[in-house]
Amino acid sequence: MKAFRRVVICGVGLIGGSFALALKQKGLAEEIVGLGRTQATLQRAKELKIIDSIAQDWADALAGADLVLLAMPVGQTAAALQAMKPHLGPGTLVTDAGSTKRDVIEAIYTHLQEHLTQIVPAHPIAGAEHSGPDAARADLCVGRKVVLTPLEENSPEAIARVSAAWAATGGVLHIMSPQEHDRVFAAVSHLPHLLAYALVHDVAGRANAEQLFSFAASGFRDFTRIASSHPEMWRDICVSNRHAILAELDAYLTELAWVRALLVQGDGESLETLFDEARNARNAWLAGQFNA
């Protein structure tokens, strides 16, 4: 007996596709159905055997479904929930993969008030700079954190079954409040993406951009790797979590102002101290000493 008869993936890209492949690899789904805006993407996902079939609309997708993963950009969440509402039965569990949680949960309360027991928000910390079904892989979440932000109204059974689905991907489950989630990831995910995009955009807009890019090497490549991420997805994340990101950006600007002052003063000793403290902190993180 499979854990899930019919799983619906809305947004069969990196995260949605990888979730589907992990369930397939573990033999936990009888059928996986894809739904999304772009027919070519869905056809490609079917060619890659990530999904078994393509749904034409939510009515088609939700017929007999017992699990739905919302894996599209977070800016599409409200519209998706609104479209789902007339067709969502009491036996269908819903989870998501959104990188922000406050706005997603607000949309859930707005559009699916009658279904709060069965919707368990989540966020797999397993992104990559590449997107689309071709980037999906079954082991994407293995050993990575998956944050659940359950609603007070969630039934214990819903939390248990959604947790089991995410655990099947190899993810390590953690529970956080939506507010804590958004503050934490503004600092360690959203701000770094914003900075990477901004640096590449700045360099690309200069008169000697061709020369600069021709001499850019591993330092620039490593710092800006995440600027190759999906622009629409990160637009939505930055707008929806802008208050927390602005707080982190202001703190970072204060740090940069201090670094600038040290450069103006030619204070090499203080710069070295800052660099040494930063290196030690990063090395401790890489060694696992800061893992929650």
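Here the structure is a predicted model, which is why all the values come from computation and not from measurement. In this chain, numbering begins with 1 at the start of the sequence shown.
If you take CE on M233 and CD1 on I15, they are separated by 7.5 Å, rounding to the nearest 0.5 Å. Summarising the geometry, atom CG belonging to L246 is positioned 9.5 Å from atom CG belonging to N241; distances are rounded to the nearest 0.5 Å. We find the OG-CD1 distance between S177 and I105 to be 8.5 Å, quoted to the nearest 0.5 Å. The CG atom of D276 sits 12.5 Å away from atom CG of L271, with the distance rounded to the nearest 0.5 Å. Remark: L191 CG to Y252 OH distance equals 7.0 Å, nearest 0.5 Å. Atom NE2 of H174 sits about 4.5 Å away from atom NZ of K145, to the nearest 0.5 Å.
Looking at D66, its side chain never comes within 3.5 Å of a backbone N or O of T92 through a donor-acceptor pair. Within the 3.5 Å criterion, the main-chain N or O of R137 finds a donor-acceptor partner in the side chain of S18. Using a distance-only test at 3.5 Å, with no hydrogens or angles considered, no donor-acceptor pair links the side chain of D139 to the main chain of V142. Checked by atom type and distance alone, the side chain of R161 pairs as donor or acceptor with a backbone atom of A3 at under 3.5 Å. Side-chain atoms of K26 come within 3.5 Å of backbone atoms of A168 as a donor-acceptor pair (strictly under, hydrogens ignored). Looking only at distances, a side-chain donor or acceptor of N154 sits under 3.5 Å from a matching main-chain atom of L116. Under a 3.5 Å cut-off, the side chain of D202 and the backbone N or O of A198 do not form any donor-acceptor pair. A donor-acceptor contact shorter than 3.5 Å links the side chain of D182 to the backbone of R102.
Within the 4.5 Å cutoff, the side chain of T273 has heavy atoms near those of the E277 side chain. Counting heavy atoms from C-beta outward, I50 and I32 have side chains that stay 4.5 Å or more apart. Between D96 and T77 the shortest side-chain heavy-atom distance does not fall below 4.5 Å. Residues V188 and W285 form no side-chain contact, since every pair of their non-hydrogen atoms from C-beta on lies 4.5 Å or further apart. With a 4.5 Å cut-off on side-chain heavy atoms, L69 and V7 do not count as touching. L274 has its side chain within reach of E255: a pair of non-hydrogen atoms, C-beta onward, lies under 4.5 Å apart. Here the side chains of Q76 and R37 are in contact, with some heavy-atom distance below 4.5 Å. No side-chain heavy atom of F215 sits under 4.5 Å from any side-chain heavy atom of F220.
Among pairs with a residue in residues 255-277, none fulfils ring pair (Phe, Tyr, Trp, His ring centres under 6.0 Å), at least two apart in sequence or across chains.
Following chains of ILVMFWY side-chain contacts shorter than 4.5 Å, one can reach F223 starting from V203, so the two form part of one hydrophobic cluster. There is no path of hydrophobic side-chain contacts, each under 4.5 Å, that joins I125 to I226. When the side chains of ILVMFWY residues are joined at heavy-atom separations under 4.5 Å, either directly or via intervening members, L256 and I245 end up in a single hydrophobic cluster. Under the 4.5 Å side-chain contact rule for hydrophobic residues, L199 and F213 share a cluster. L35 and L81 fall within a single hydrophobic cluster, where Ile, Leu, Val, Met, Phe, Trp and Tyr are joined by side-chain heavy atoms under 4.5 Å apart, directly or via other members.
Classification of R183 and E180 as a salt-bridged pair fails, no side-chain N sitting under 4.0 Å from a carboxylate O. Look at R5 and E30 and you find no salt bridge, because none of the NZ, NE, NH1 or NH2 atoms lies under 4.0 Å from a carboxylate O.
When every heavy atom of L88 is checked against every heavy atom of Q118, the shortest pair comes out as CG-NE2, 3.8 Å. Closest approach of G34 and V12 over heavy atoms only: CA-CG2, 4.0 Å. Between G36 and L42, the closest heavy-atom pair is N-CD1, 3.7 Å. Residues L70 and V94 share a closest heavy-atom pair of CD1-CG1, 4.1 Å. Between S240 and V74, the closest heavy-atom pair is OG-CG2, 4.0 Å. The heavy-atom pair separating C141 from P124 by the smallest distance is SG-CB, 4.0 Å.
Each of V120, T117, I108, I159 was evaluated against L151; a single residue qualifies, I108, per the side chain to side chain contact (heavy atoms under 4.5 Å, CB included) test.
The aromatic rings of F185 and H190 lie tilted to each other, with the angle between the two planes from 30° to 60°.
At most 12 non-hydrogen atoms from other residues, nucleotides or ligands lie less than 6.0 angstrom from CD of E157. Atom CD of E269 has 12 or fewer heavy atoms from other residues, nucleotides or ligands within 6.0 Å. For E210, the CD atom is loosely surrounded, since the number of other residues' heavy atoms within 6.0 Å does not exceed 12.
Not counting sequence neighbours, W58 has no partner by the ring pair (Phe, Tyr, Trp, His ring centres under 6.0 Å) test.
Aromatic ring centres of H201 and Y197: separated by at least 6.0 Å.
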Given the rule in the side chain to side chain contact (heavy atoms under 4.5 Å, CB included) test, do R144 and V146 qualify, once you have shown the distances and angles that lead to the verdict?
CA-CA 7 Å; R144 306 286 189 89; V146 176; 5.8 Å; no
Criterion side chain to side chain contact (heavy atoms under 4.5 Å, CB included) on R206 and Q211, from CA distance to verdict:
CA-CA 10 Å; R206 297 188 187 184; Q211 179 190 37; over 6 Å; no
Could you walk me through whether T169 and L140 pass the side chain to side chain contact (heavy atoms under 4.5 Å, CB included) check?
CA-CA 8 Å; T169 69; L140 182 71; over 6 Å; no
Pair E47-R44, salt bridge (charged side-chain N to carboxylate O under 4.0 Å, His left out): steps then yes or no
CA-CA 5 Å; E47 289 172 9; R44 180 59 178 158; 3.2 Å; yes
